[in-house]
Each structure stands twice: as C-alpha cells, then as structure tokens.
Number of protein chains: 2
Amino acid sequence: MYLLLVDDDGRLTRLLDHLLRQAGHTVDVAHDGRVAAALMAQGDYDLLVLDWMLPHEAGISLCQRARAEGFEGGILMLTARDALEDRLEGFAAGADDYLLKPFEPEELLARLEALGRRACRPLSQRCLQVGGWTLECDDRRVIHGERSVALTLREFQLLELLMRRAGHSVPRELIYERLWGRDQAVTDNALDATLRLLRRKLERVAARQPIETLRGLGYRFTDEA
Amino acid sequence: MYLLLVDDDGRLTRLLDHLLRQAGHTVDVAHDGRVAAALMAQGDYDLLVLDWMLPHEAGISLCQRARAEGFEGGILMLTARDALEDRLEGFAAGADDYLLKPFEPEELLARLEALGRRACRPLSQRCLQVGGWTLECDDRRVIHGERSVALTLREFQLLELLMRRAGHSVPRELIYERLWGRDQAVTDNALDATLRLLRRKLERVAARQPIETLRGLGYRFTDEA
DNA sequence: CCCAATGATTAAGGCAGCATTAAAAGCTTG
DNA sequence: CAAGCTTTTAATGCTGCCTTAATCATTGGG
C-alpha cells in the first residue's frame, strides 16, 4: 500500500512511518498542509492519514480538496476533537474513518488495513497496468503475456514506484526516500542491487526490458509494445 | 531547476551555490536587493531563495514584488527571526516556505527539492516551447516535429538558457556564469565543445538550425517556421 | 591583403555514475 | 537453532559525459 501521512508532530510521524514500513507499505510524510497538498497533487496514494490541525492548511480542507480532485482512496482523519459536529464535518468532507488522539499505533494500523481492504476503491489500485505489464499488488507478482514472476518486497516497491510514474523519469533520491525513508541509513548501492534483482526477474518474463536508465536523471519505466 | 539565491553573506551563498550546482541545478547569486530585483526582472526562475535582511531592499519586499509581477515559482525565505507574526507576514507576502538561520545546508536542499517537485508551478516549467521546438525538462529531451533527442546535463542547461531568452542574444559570459558559476575554473572552450555537441544533436532532428552565432555578442535561439 | 581575434572542430583522458557480483547480515519458519 | 530466503554491503568493472588541448576556419580591422 502506498500512503501519505500528514501530521506536524515529528515524533508521531516517525513512529508511524517506521511501523507502516515494517508492515510492508510505502510511505510519504508531510508536516504541513502545503507540502501535503503538493504531494497529493502528484502522488497517487491509496490512503491518506490526515491530522486535523496543520500549519498552512487544515486536514479537513485537504480532505475536501482530495475528494474534489477525484481521489478515490481511503482517508483517515486524526484529531484531538471529539465533538459530534466535528465528526460529521469530517465525514461530510469525505473522510472514511476517524481516530481520536491519543491512540494506540496498533489501532491505527488495524484501521488502515481495514480501509485498504475496502472494495470501495477501483480495482486499478490492486493491479497496476502499463502497456503489456501488469503488477498484481495483492500477491506481489508481475505478469507479462503468459508468464509471471513473484517479487520480493523491495523489488515490488521499486517496480510499483516506477510503474506509477510510467513514462516519466524517477530520480534516485526519490526512490531512496520512498523505499527507505529520509533518515534510514542505507548505502548508495542498495538501490543498484535491488534494481539488479528486479531487472533479472523481468528478463525472465519478457525480451524487451521496460526499465531504462537516464544517466544523471534516474530511471524510467516505459512499455512500447 | 533554475534558481536565484539572494543573501548578503558571501560565504553562505558560495556554499549553497556549490551544493545546488552539484545537485544539477542552475544558480544565480545576488548579494543585495537591487541586483536581485534586476535579475528577477529579466530572469525566469523556478525558485527564489531570499534572505529577510538585505541591503537596499528587504527580502520580504522582493517577495511581494515577485508575486505582484506574476511570479509563479516557489519562494523560500531565510531569516533569523522566529516570531510568529513575521512568519505570517512572510506567507502573506507570498512565500512558500521558511527557514530559520542558522540551518543545515541539507535541510535547505531538501526543502528546495520539495518546492521544486510541487505541481503548483505551471507546466511551462516542465516543458519550454519556442516555435516548433519543445524542451522536455523532465527527461531532458528536445522535440521537433516527429523526432526527439535526449540531451546530457550540459547540453540541456545550455539549450534551456538559450530558449528562455529566445529571440535575444545571450553573451558567452552569461552562459559561463550560469553553467559553471563565477568561481569555477573552466577553460574557455568548454562552452564551444558543449555547443558543438548540442548543435550536432539538433541537426539530427531538424534541417534548420535554431542557434545562431552573433560574433562578439553571443548566441541567439530563433525559430522561424 | 594580411593579421589578430574570435569561434568551430576533433580527438583523447579523467572521472563520476551506474552495473555487477559475491558474500555478509537479517529475517522467517519449521 | 538451523535452513532458506531476502536485504544490504563491499569491492570492482564499465560506460558515457565533461573538459581539455591542439588545430582549423572565419570575420573584421588596419
């Protein structure tokens, strides 16, 4: 799952970021409404976790905008408020779920899992398709023609990111940020190694390789079939 | 990315200039408000980094003017102040982000990257168009008619500069300053060599060459189609 | 018409970015 | 805890970009 976490409490986001990554998800973090809005505009998230109180733009407003812009994934709001009218306001803005601070991280994870499983969103979220390539998110497999291969977590995350940005270059730094997080200490060529494994698997499935290197720019997924 | 750095602290600007160039960006530096305003008037920047306190004209005033003149890129303010009303004033003037001195250079870079990635900027930033020529900034390509070529970093920077000033002559010194920086020791004909490579690539894409030499004046990009 | 001066061209070397491989370190599972 | 798999590291090789240096062409002035 591909999700955006918006809260100005750095300690909280670090903790949740960590837990969600451990659960195999891909996480972006924003600490204020402005950055969140920017990421939402370009990112293609499955789930949003929005704090109510935020610098620049309130979570509720972000929620409204997301729905207005056609966002179909799940939205979970975090808030210290518990007044009924606020909850109604939240649901009216398009939120799917609510969680009152303080909460147990496990509860958030559970609710997110539930939201993610919800069939309310289109199947496109569960299988990404670009040209002749299909990425099955449920069981981490790529399909091309008659063949298919199972991917490991890292391989899957990498391919998912590239396929979501298909046709555009994805810089290496962005990949690091998405797969390992900002503060994770990981060597430069962890990416190279993962890419090598991924490419090798894709070779077993198709003659034409879809991931091209743009020297100095990053990588790009393209399928010209 | 194409950015203007305004701060009267020469040591700071030199450091940031260096780091930003290493990250593949194109940088202009100004040390006071007057020079900055002049550069802003003619330059076509993606991002501004403005110090609050400046000789001649305050950063906040520059920020306001930029927005008043229709500047749509990102603006990041640097300041030693941290009072809330100042921040609000900054945002009211049109700033997108804030950074308190002293700061870690890495943080500034990260914030600039975030600002740059923002989809809020017009598409014109992502693809420059002059006549029949289109420059794709995302994957560093020029397109002309049905054909297109990939450019390297230097080729791209050079063409970007010329196309932004399309119709006007661009002196060689300006190109040196933009591509290599003031203090970078680089031989004269680094430019010639780069231009040669660029022209050769453009030949593969169109019969009519758009970059003309104005002896003693510089170069000019024109497209008469 | 010749001579600086300016720009054009070409080939070659150094270097940074990326690729590749093997092996070590972590995890998971029975 | 041992086996098997995934993830990360370290070391090394390779490719292509950038810059340089040397040489050639063109322009405008004396």
Side-chain angles (χ1 to χ4, degrees), chain A residues 18-19 21-26 139-141 149-162 169-176 178-181 183-204 209-220, chain B residues 18-19 21-26 139-141 149-159 162 169-176 178-181 183-204 209 211-221:
Chain A
H18 182 70
L19 290 173
R21 281 176 190 281
Q22 275 201 324
H25 303 299
T26 308
D139 48 357
R140 286 190 197 143
R141 288 188 147 274
V149 208
L151 302 177
T152 66
L153 173 63
R154 290 301 190 208
E155 294 160 1
F156 170 79
Q157 288 179 320
L158 178 54
L159 185 56
E160 183 190 18
L161 180 51
L162 292 175
S169 68
V170 181
R172 290 172 66 97
E173 310 120 43
L174 180 64
I175 300 178
Y176 280 118
R178 285 287 161 84
L179 268 67
W180 288 276
D183 34 33
Q184 195 78 15
V186 98
T187 320
D188 255 31
N189 75 343
L191 200 168
D192 300 80
T194 305
L195 183 63
R196 178 79 185 85
L197 296 169
L198 175 59
R199 276 178 164 157
R200 180 175 288 173
K201 284 194 177 172
L202 297 185
E203 278 168 14
R204 288 169 24 194
Q209 284 306 293
I211 301 176
E212 51 185 332
T213 305
L214 304 175
R215 201 183 177 79
L217 268 184
Y219 301 93
R220 182 172 54 184
Chain B
H18 181 71
L19 291 173
R21 282 176 189 282
Q22 275 201 325
H25 303 299
T26 309
D139 45 0
R140 289 190 197 142
R141 290 186 146 273
V149 208
L151 303 177
T152 66
L153 174 62
R154 290 300 190 209
E155 293 160 0
F156 171 80
Q157 287 179 322
L158 177 54
L159 184 56
L162 292 175
S169 71
V170 181
R172 292 173 65 97
E173 311 122 43
L174 180 63
I175 300 178
Y176 280 117
R178 284 287 162 83
L179 268 67
W180 288 277
D183 35 33
Q184 194 80 12
V186 99
T187 318
D188 255 31
N189 75 343
L191 200 168
D192 300 85
T194 305
L195 183 63
R196 176 78 185 86
L197 296 170
L198 176 58
R199 276 178 164 156
R200 179 176 290 173
K201 284 195 177 171
L202 297 185
E203 279 168 15
R204 287 168 27 193
Q209 284 306 292
I211 301 176
E212 50 186 331
T213 304
L214 305 174
R215 201 180 176 80
L217 270 181
Y219 301 93
R220 181 171 57 183
F221 186 99

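In what follows, every heavy atom counts, from backbone to side chain, and hydrogens, waters and symmetry copies are set aside. Numbers restart at 1 for each chain; the letters A, B, ... are given by sequence-line order, proteins then strands.
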Can you give the first and last nucleotides of DNA chain C, 5' to 3', that have an atom under 4.0 Å from a heavy atom of chain A?
-> C:dA16 to C:dT21
Could you give the distance from CG (B:Leu162) to CZ (B:Arg178), rounded to the nearest 0.5 Å?
-> 11.0 Å
Can you tell if the side chain of A:Tyr219 reaches within under 4.5 Å of the side chain of A:Ile175, non-hydrogen atoms only?
-> yes
Find the distance between CD (A:Gln157) and OG1 (A:Thr152) and round it off to the nearest 0.5 Å.
-> 9.0 Å
Is a salt bridge present between A:Arg172 and A:Asp192, judged by a nitrogen-to-oxygen distance below 4.0 Å?
-> yes
Within the structure shown, what part of the strands sits under 4.0 Å from B:Tyr219 by heavy-atom distance: base, sugar-phosphate, or nothing?
-> sugar-phosphate
A:Arg204 side chain reached by A:Val149 side chain, heavy atoms, under 4.5 Å = yes
Take nucleotides 15-24 of chain D nucleotide by nucleotide from the 5' end and write B, S or -, depending on whether a protein heavy atom sits under 4.0 Å from the base, only from the sugar-phosphate, or from neither.
-> B-SSBBBB--
Under 3.5 Å, side chain of B:Arg154 to main-chain N/O of B:Leu179, donor-acceptor pair present?
-> yes
Considering residues at least two apart in sequence or located in another chain, which fulfil the side-chain contact (heavy atoms from CB on, under 4.5 Å) criterion with A:Arg140?
-> A:Leu153, A:Phe156
A:Leu151 CG - D:dT6 P separation (whole Å) | 10 Å
B:Glu212 and B:Arg199: which non-hydrogen atoms are nearest, and at how many Å?
-> C-NH2, 3.9 Å
Calculate the interatomic distance between A:Arg140 atom CZ and D:dC5 atom C1'; express it in whole Å.
-> 14 Å
Grab the CG-P distance between A:Asp192 and D:dA10 for me, whole Å please.
-> 14 Å
Whole-Å distance between D:dG13 P and A:Arg196 CZ?
-> 17 Å
